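A, B, ... follow the sequence lines: proteins, then strands. Residue 1 opens every chain. Note that this is a predicted model, so its numbers are computed, not measured.
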Amino acid sequence: MSEIPVVEFAGVHKTFGAYRAVVDINFQIRKGEFFSILGPSGCGKTTTLRLLAGFEEPDDNGGTVRIAGDVVNKKRPYERNIAMVFQNYALFPHLSVERNIAFGLEMRKVSAADIPGRVKKAMEMVRLDPGQFARRMPAQLSGGQRQRVALARALVLEPTILLLDEPLGAIDLKLRKEMQLELKQLNKSLGTTFVYVTHDQEEALTMSDRIAVMDNARVAQLGTPAEIYECPRTRFVAKFIGESNFFEGVAQSQGPDGWLVEGPGGEFEVPTHAAITQGGKVAIAVRPEWLDIAAPGAAPPGENALRGTVSDVIYLGETLHVLVAIPEGSGDRRVTVAVRNEGQLSRPIRWTKGDAAVVCWKPADCQVLEDA
Amino acid sequence: MNPFALRQAALRWFHRHKETQAWALLAPGFGWLGVFFLAPLLIMFGYSFMPRGEYGGVEAGFTLEHYARFADPLYIKILWRTLLDSTVCTLICLVTGYPVAYVVARATKWRNFLMFLVILPFWTSFLVRTFAMIFLLRDTGLVNTLLINLGVIQEPIIMLYTPFAVMLGLVYGFVPFMVLPIYASLEKLDLSLLEAAEVLGARPAERFFRITLPLSMPGVVAGCLLVFIPALGSFLTSDLLGGAKEILIGNLVQNQFTTARNWPFGSAASFIVMALVLLAVMIYLRARDRGNELGAQ
């Protein structure tokens with residue numbers, strides 16, 4: 001990357017007393033990128049955002065945070081050219097909508113003559129009618145409208161980086177979907193770099209150019225939505241993003257296309273992977289939609305096939321989940337197979353509880369996990 | 001009807017008659033205040049319009065002379081001094097109390113302990129604390145002895161029985177009433193608002209004057225009222241620490257009821273104080289309503 005990254009975290013550590021909030025965080029964010037930090041609560045994603053905003057400083061000798069190439073470790077938030085949208089919006093309750101939006105401009109000593117025009121423009125950008133809303137107080141707005149004010153208050157500054165801390169968490173599903181698309185469009189049309197913190201994996205997949213998945217204070221995986229979803233590197237990532245089935249076993253022998261793995265439910269083939277060694281443990285994840293279900297003996301040739309019994313069929317609308325119990329030494333392994341719904345009234349699937357079946361998948365669809 | 005069914009019926013009746021229930025709950029308080037507060041107040045109001053009896057007490061009749069006496073420059077001066085002292089006391093309490101409230105509200109580990117220190121003076125009576133101030137301030141008191149022994153001064157500074165001592169006593173007595181409501185409003189303040197202001201470019205002073213102070217105004221106004229009202233009616237402090245040299249309207253009322261035995265005039269003075277207090281309360285309610293309009297969320 002020849003271009004200087006807008007944001008760079010290099011070996012960043014942050015501890016609060018004895019609590020290690022983030023450990024060795026490394027990533028670079030390109031200009032104009034929609035970058036999400038995704039993880040469960042307590043994973044360190046908010047601390048990472050606060051380090052970038054300047055509310056927290058990295059530990060001494062705890063790495064560097066750079067914005068546009070400059071080390072900003074010790075800089076206060078008001079010394080960084082950033083803007084932020086807070087989880088609870090943090091609108092000033094004693095100021096009207098227009099005064100809220102103007103606040104940052106006033107603080108940055110923008111000439112008073114320019115302020116009304118810029119406030120109006122920002123309100124239009126987030127599709128809030130200035131004539132209707134400019135004079136209202138935050139208490140007189142709905143959740144979605146407050147969200148838009150918070151966004152306008154940040155965007156009016158024309159920041160190089162916009163930080164968003166779970167901004168859509170408190171609004172209802174339909175509006176959230178709408179706002180996701182709007183945010184994505186704003187990111188592309190303004191060319192502003194968006195750093196978006198969320199615990200909602202679907203939201204992250206929908207909006208992001210790249211995602212940093214955080215787990216237990218570290219970045220577990222960094223990549224595009226497709227990379228994260230299709231090649232999860234750890235069990236955590238595979239579990240946290242989408243649904244996955246897990247199979248374990250011991251690597252027996254290496255063939256031309258991969259490894260033959262002996263698992264408690266049967267043998268299966270796994271593509272060659274650096275993490276696999278002869279006689280070592282192997283764990284793989286397979287997405288439900290990449291699994292197939294077939295009658296015993298009817299598995300397509302060349303595919304992995306494990307025998308089991310259908311334990312349940314769940315109707316989800318778009319798809320059906322067929323749950324199959326694969327007997328393993330100590331108990332059953334429950335596997336979810338996603339089947340496209342072609343109309344249960346006209347062409348119902350043939351599987352019902354108690355049927356003997358094989359679960360099959362192409363060896364290439366195995367996602368080998370590094371933490372076997 | 002068995003007792004259980006009776007109880008059920010009564011509960012159901014109350015449930016349907018919410019208003020009666022509310023009145024039933026209010027009755028003891030209203031009764032107490034009516035007999036021991038409102039009735040004496042009305043009697044005093046009546047007295048303030050009646051001629052003075054020869055040996056104290058009142059005689060039948062109607063007169064406005066007691067109120068008219070306040071046109072006398074002597075009393076206007078007392079009234080004015082009382083207003084001025086109460087205002088100055090309120091301002092000193094505000095500038096000393098606000099930072100205390102701010103620190104206590106922001107403290108995490110020590111908050112309860114600091115709060116305990118603020119409330120501690122209430123554990124002894126105001127009279128005892130005022131006497132303690134005498135020991136502190138008199139010529140052979142703690143402050144003068146210390147300064148003389150340290151060689152800072154040769155002669156004791158005369159502090160007791162001066163306006164300074166009165167003001168010190170008033171502020172000392174009333175500053176907790178300023179701290180508590182300001183603390184309550186600062187403690188509620190959402191810290192993410194300050195972070196939002198900081199990201200938007202506000203430096204510490206700007207954050208204080210643009211966010212913290214406006215949002216703590218309800219506490220400031222309540223605190224000012226809680227100090228101003230008792231300061232207006234105070235008499236003990238100017239009596240003990242001021243040596244009764246400068247009389248405030250509170251002293252006037254007290255004198256009229258005790259030594260001067262002019263109850264009607266004392267009553268009239270009381271009602272003038274009360275009118276001032278009501279005025280202050282009205283200003284407060286105005287400010288609070290405006291604050292609510294702005295701050296409601």
Side-chain angles (χ1 to χ4, degrees), chain A residues 17 46 49-50 52-56 75-96 99-110 135-141 143 146 149-159 161-167, chain B residues 94 98 101-102 105-111 181-224 283-297:
Chain A
T46 298
L49 194 74
R50 291 174 64 82
L52 179 52
F55 294 124
E56 312 290 353
K75 285 204 172 158
R76 296 301 308 166
Y78 53 79
E79 298 170 303
R80 305 179 179 199
N81 188 22
I82 50 170
M84 183 160 168
V85 177
F86 289 78
Q87 195 169 9
N88 62 354
Y89 317 136
L91 298 181
F92 305 128
H94 59 303
L95 300 179
S96 65
R99 296 290 313 284
N100 260 284
I101 299 172
F103 190 90
L105 296 174
E106 289 166 13
M107 290 301 118
R108 285 166 201 221
K109 310 283 182 281
V110 170
R135 296 291 159 90
R136 291 221 194 150
M137 301 307 286
Q140 300 167 303
L141 302 176
R146 285 181 207 181
V149 175
L151 196 57
R153 187 176 68 176
L155 289 174
V156 76
L157 300 173
E158 296 168 7
I161 307 166
L162 178 64
L163 311 183
L164 303 109
D165 185 8
E166 308 218 17
Chain B
L94 178 60
Y98 197 104
Y102 186 88
R106 285 299 153 81
T108 47
K109 206 171 144 192
W110 294 96
R111 185 190 288 188
I182 296 177
Y183 163 79
S185 64
L186 284 174
E187 200 249 334
K188 278 190 307 200
L189 184 75
D190 179 359
L191 292 183
S192 73
L193 296 179
L194 296 178
E195 293 193 335
E198 190 169 6
V199 171
L200 289 168
R203 280 149 205 284
E206 289 165 329
R207 290 202 293 280
F208 178 76
F209 287 107
R210 303 278 305 249
I211 309 294
T212 309
L213 188 59
L215 289 175
S216 61
M217 270 327 264
V220 170
V221 174
C224 287
I283 292 170
Y284 163 71
L285 290 178
R286 269 267 178 85
R288 195 194 60 180
D289 289 348
R290 240 188 37 217
N292 280 352
E293 271 166 35
L294 296 177
Q297 180 135 36

Contacting region of [X] [heavy-atom separation from chain B under 4.5 Å]:
{"X": "A:Arg80", "value": "neither"}
{"X": "A:Asn88", "value": "side chain"}
{"X": "A:Glu106", "value": "side chain"}

Which distance, rounded to the nearest 0.5 Å, do you find between the [atom1] of [X] and the [atom2] of [Y]?
{"X": "A:His94", "Y": "B:Leu215", "atom1": "NE2", "atom2": "CG", "answer": "4.5 Å"}
{"X": "A:Leu95", "Y": "B:Ile211", "atom1": "CG", "atom2": "CD1", "answer": "6.0 Å"}
{"X": "B:Arg203", "Y": "A:Glu79", "atom1": "CZ", "atom2": "CD", "answer": "6.0 Å"}

Shortest non-hydrogen contact between [X] and [Y], atoms and distance:
{"X": "B:Ala196", "Y": "A:Phe86", "value": "CA-CE1, 3.4 Å"}
{"X": "A:Tyr78", "Y": "B:Pro204", "value": "OH-CD, 4.0 Å"}
{"X": "A:Phe92", "Y": "B:Leu193", "value": "CE2-O, 3.3 Å"}
{"X": "B:Val199", "Y": "A:Arg108", "value": "O-NH2, 3.0 Å"}

Atom CZ of B:Arg106 with >12 non-hydrogen neighbours under 6.0 angstrom: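 Result for CZ/B:Arg106: enclosed.
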
Side-chain heavy atoms of B:Arg210 within contact of A:Arg99, under 4.5 Å: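 Yes. Closest side-chain heavy atoms under 4.5 Å.
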
Atom group of B:Glu195 that falls short of 4.5 Å from chain A, counting heavy atoms: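 Both parts, heavy atoms under 4.5 Å.
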
Steps toward salt bridge (Lys or Arg N to Asp or Glu O under 4.0 Å) verdict (B:Glu198, A:Arg50): CA-CA 12 Å; B:Glu198 190 169 6; A:Arg50 291 174 64 82; over 6 Å; no

